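Notes for the one structure printed next.
These values consider heavy atoms only, across backbone and side chains, with no hydrogens, waters or symmetry-generated copies. Just so you know, these numbers come straight off a predicted model, no measurement behind them. Whatever order the structure lists them in is the order used to number ligands and atoms, beginning at 1.
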Amino acid sequence: MTKTNASNYKIVSGSWEELKLDAQMIRTRVFIQEQNIAAEDEWDEQDSISLHFIVYDDHQAIATARLLQNNSIGRVAVLSSHRGLGIGKLLMLEIIQVAKNQGRNQIHLSAQEHAIPFYNGLGFKQKGEFYLDCGIPHINMDLSVI
Ligand code: COA
């Protein structure tokens with residue numbers, strides 16, 4: 001596991017085995033309970049082979065995301081109680097830096113429509129048309145990290 005301290009928050013990256021309790025707690029609250037995504041859609045085979053990130057406020061896990069082997073970032077989630085504080089941005093900047101350090105030149109993600117301005121603010125650009133995933137409009141977005 002790797003730890004980074006940024007402002008008041010600590011970001012930890014590690015394997016699914018190392019971080020799944022916290023990642024599961026956050027994703028259950030955000031995607032399954034808040035966004036009504038079916039549990040069978042939320043958990044997939046990518047979890048066991050992705051690099052996971054958790055943001056901690058003191059000892060409380062408040063945000064998560066995963067960096068997949070195919071150079072995409074997914075399952076970006078901040079607890080509703082902690083949104084609008086810059087935590088999502090902090091988390092994304094950390095993942096982008098890790099991806100860059102790993103020599104990845106392009107990062108992809110599938111953005112829920114409401115989150116497009118959030119990703120635009122980090123430099124991601126929309127690509128292609130909207131499509132439905134789990135009944136939610138999404139669009140592909142790319143960031144060049146060279
Ligand atoms: N619409 C417009 N701008 C937004 C936004 C939104 N929905 N959410 C964040 N932003 C902007 C902020 O204003 C801020 O702008 P600034 O840098 O100019 O000040 C910037 O994005 C960073 O915001 P931040 O406070 O770091 O975002 P957050 O911690 O609230 O996290 C999400 C953003 C999308 C991760 C969070 O709302 C979330 O977890 N939502 C539920 C799960 C979800 O939909 N995840 C995305 C799946 S693709």
Quick one: CD on Glu94 to OH on Tyr9, what's the gap to the nearest 0.5 Å?
15.0 Å
Considering only heavy atoms, which protein residues lie less than 4.0 Å from any atom of ligand 1?
Val30, Phe31, Gln35, Val76, Ala77, Val78, Arg83, Gly84, Leu85, Gly86, Ile87, Gly88, Lys89, Ser110, Ala111, Gln112, His114, Pro117, Phe118, Tyr119
Does either side chain, that of His108 or that of Asp142, offer a donor lying less than 3.5 Å from an acceptor on the other one?
yes
For Gln35 and Gln112, which I'm curious about, is there any donor-acceptor pair between the side chains at under 3.5 Å?
yes
Parallel, tilted or perpendicular: ring planes of His138 versus Tyr131, cut at 30 and 60 degrees:
parallel
Pairing donors with acceptors under 3.5 angstrom, does anything connect the side chains of Asn70 and Gln46?
no
For Glu18, the salt bridge (charged side-chain N to carboxylate O under 4.0 Å, His left out) test, sequence neighbours excluded, returns none
